[in-house]
*Asks:* 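I have a structure here, written as structure tokens, and I will follow up with some questions on it.
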Amino acid sequence: CHIFKWSFMTMIVKSANHKRIVNVPKSYLWRRMSDFKNVGSLLPPPIIDEVKCESNDIGSLRYLTLGKKQKYPGEIIERLEAMYDESFFVYSIVDNSCLPVKNYIANIEFREVSQKKTEASISSNWIDNSSSPEEMIQMFESLYELMFLNAENQYLEINNNGF
């Protein structure tokens, strides 16, 4: 008779969710958020110091270098997984990254509320390897809000300058 011992590593799966009305037209928000290779214009330094990406095609990889002032500076490799109907897209973190997460995946959805308002939501899931899972949730949700806020501010700047 053989005795087997099973040992299970505890995996902490965490989620971050951020949803709000963004005061921009849906078409503008879609163009800004789905422009995979130009995410650095939504999250400029000191957040993202450099973005390397060839295209906005499904399967594209983008290499992000987080700024040295960030809590987790270094490289992240993301892959564009899916896009649909100017309303939905998915991206993931592949390989190892400077963030203490594994198997990160995020989906972004947009719904037109009016000509100048869009309901936007970002939801993500990952296996947490950090010492503070709640801090990671707050970090991701703050990052999502910053993306929405920057899109709003950039839209206002363009429209106030007559473009």
*Asks:* List in chain and number order the residues that pass side-chain contact (heavy atoms from CB on, under 4.5 Å) with S97, two or more places apart in sequence or in another chain; answer none if no residue qualifies.
*Replies:*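 S97: side-chain contact (heavy atoms from CB on, under 4.5 Å) contacts with I76, I93, L99.
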*Asks:* Which atom pair, heavy atoms only, marks the closest approach of V113 to I21?
*Replies:* CG2-CD1, 3.7 Å
*Asks:* For the atom pair CG (D57) and CE (M83), what is the distance rounded to the nearest 0.5 Å?
*Replies:* 9.0 Å
*Asks:* Using side-chain heavy atoms (C-beta onward) and a distance below 4.5 Å, is Y91 in contact with I108?
*Replies:*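 Y91 vs I108: side chains touch.
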*Asks:* Rounded to the nearest 0.5 Å, what's the gap from CZ on R62 to OG on S55? Could you check?
*Replies:*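 Between R62 CZ and S55 OG, I get 11.5 Å after rounding to 0.5 Å.
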*Asks:* Answer with yes or no whether the side chains of N56 and K37 bring together a donor and an acceptor at under 3.5 Å.
*Replies:*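 Checked: K37/N56 side chains show no N/O donor-acceptor pair below 3.5 Å.
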*Asks:* Partners of Y155 by side chain to side chain donor-acceptor pair (under 3.5 Å), sequence neighbours excluded?
*Replies:*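 Side chain to side chain donor-acceptor pair (under 3.5 Å) check on Y155 returns N159.
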*Asks:* For N17, does the CG atom have more than 12 heavy-atom neighbours from other residues, nucleotides or ligands under 6.0 Å away?
*Replies:* yes
*Asks:* Rounded at 0.5 Å granularity, tell me how far CD in E119 sits from OG in S87.
*Replies:* 11.5 Å
*Asks:* Is any side-chain heavy atom of N125 less than 4.5 Å from a side-chain heavy atom of N103?
*Replies:*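 They are not in contact (no side-chain heavy atoms under 4.5 Å apart), so the answer is no.
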*Asks:* What residues, two or more places apart in sequence or in another chain, satisfy side chain to side chain donor-acceptor pair (under 3.5 Å) together with E75?
*Replies:* none
*Asks:* With N38, which residues qualify under side-chain contact (heavy atoms from CB on, under 4.5 Å), at least two apart?
*Replies:*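 With neighbours one apart ignored, the set is D35, S41.
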*Asks:* I105 and M139: same hydrophobic cluster, using ILVMFWY side-chain contacts below 4.5 Å?
*Replies:*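 Looking at the clustering, M139 is in a separate group from I105.
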*Asks:* Indicate yes or no: does E109 engage R111 in a salt bridge with an N to O separation below 4.0 Å.
*Replies:* no
*Asks:* Do the non-hydrogen side-chain atoms of T118 and E112 ever get within less than 4.5 Å of each other?
*Replies:* no
*Asks:* Going only through I, L, V, M, F, W and Y residues with side-chain contacts under 4.5 Å, is there a path from L42 to I158?
*Replies:* yes
*Asks:* Under 4.5 Å between side-chain heavy atoms, chaining through other members, with only Ile, Leu, Val, Met, Phe, Trp and Tyr counted: pull out the rest of the cluster around V94, sorted by chain and number.
*Replies:* L61, Y63, I77
*Asks:* I'd like to check F89 versus Y84 (side-chain heavy atoms, cut-off strictly below 4.5 Å). Are they in contact?
*Replies:*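 No, too far: nothing below the 4.5 Å cut-off.
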*Asks:* Considering non-hydrogen atoms only, spot the tightest contact between A120 and L29 and give its length.
*Replies:*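 For A120 and L29, the tightest heavy-atom pair comes out as CB-CD2, 3.8 Å.
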*Asks:* Working to the nearest 0.5 Å, report the span between NZ of K116 and CG of N23.
*Replies:* 10.5 Å
*Asks:* Under the side chain to side chain donor-acceptor pair (under 3.5 Å) rule, collect the residues that match up with K102, sequence neighbours excluded.
*Replies:*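 Residues passing side chain to side chain donor-acceptor pair (under 3.5 Å) with K102: none at all.
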*Asks:* Please enumerate all residues that pass salt bridge (charged side-chain N to carboxylate O under 4.0 Å, His left out) together with E86, with sequence neighbours excluded.
*Replies:* none
*Asks:* Any ring pair (Phe, Tyr, Trp, His ring centres under 6.0 Å) pairs touching residues 112-141, not counting sequence neighbours?
*Replies:* Y104-F140, W126-F140
*Asks:* Going from CG on L66 to CG on L43, what distance comes out if it is rounded to the nearest 0.5 angstrom?
*Replies:*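 Here the interatomic distance stands at 9.5 Å.
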*Asks:* Out of curiosity, does Y28 fall in the hydrophobic cluster containing L146 (side-chain heavy atoms, cut-off under 4.5 Å, transitive links)?
*Replies:*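 Looking at the clustering, Y28 is in the same group as L146.
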*Asks:* With sequence neighbours excluded, give me every salt bridge (charged side-chain N to carboxylate O under 4.0 Å, His left out) pair touching residues 130-156.
*Replies:*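 The answer is K14-E134, R20-E145, R20-E152, K71-E135.
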*Asks:* List, by chain and then residue number, the residues other than L149 in its hydrophobic cluster (Ile/Leu/Val/Met/Phe/Trp/Tyr, side-chain heavy atoms under 4.5 Å); write none if there are no others.
*Replies:* none
*Asks:* If the condition is salt bridge (charged side-chain N to carboxylate O under 4.0 Å, His left out), which residues does R32 pass it with, not counting sequence neighbours?
*Replies:* none
*Asks:* Might you point out which heavy atoms bring P73 and C98 nearest each other, and give the distance in Å?
*Replies:*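 Distance-wise, the nearest heavy atoms are O-CB, 3.3 Å.
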*Asks:* Report yes if the side chains of S121 and F110 come closer than 4.5 Å at any heavy-atom pair, otherwise no.
*Replies:*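 The answer is no, as the side chains (C-beta and beyond) never meet within the 4.5 Å cut-off.
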*Asks:* Mind checking side chain to side chain donor-acceptor pair (under 3.5 Å) for D49 and listing every partner two or more places apart, or none if nothing turns up?
*Replies:* none
*Asks:* State, with a plain yes or no, whether a side-chain heavy atom of N107 is found less than 4.5 Å away from one of I122.
*Replies:*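 When only atoms from C-beta onward are counted, I122 and N107 do not touch, as no gap falls below 4.5 Å.
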*Asks:* Give a yes or no answer on whether the side chain of D128 reaches the backbone of S130 with a donor-acceptor pair at less than 3.5 Å.
*Replies:* yes
*Asks:* State plainly whether one hydrophobic cluster holds both W30 and V90, where clusters connect Ile, Leu, Val, Met, Phe, Trp and Tyr through side-chain heavy atoms under 4.5 angstrom apart.
*Replies:* no
*Asks:* Any side-chain heavy atom of E50 sitting closer than 4.5 Å to one from L64?
*Replies:*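 Sidechains of L64 and E50: no contact.
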*Asks:* Is the closest side-chain heavy-atom distance between V22 and K117 below 4.5 Å?
*Replies:* no
*Asks:* With a 4.5 Å cut-off on side-chain heavy-atom distances among I, L, V, M, F, W and Y, is there a chain of contacts connecting F88 to Y144?
*Replies:*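 They do not share one cluster, since no chain of ILVMFWY contacts under 4.5 Å joins F88 to Y144.
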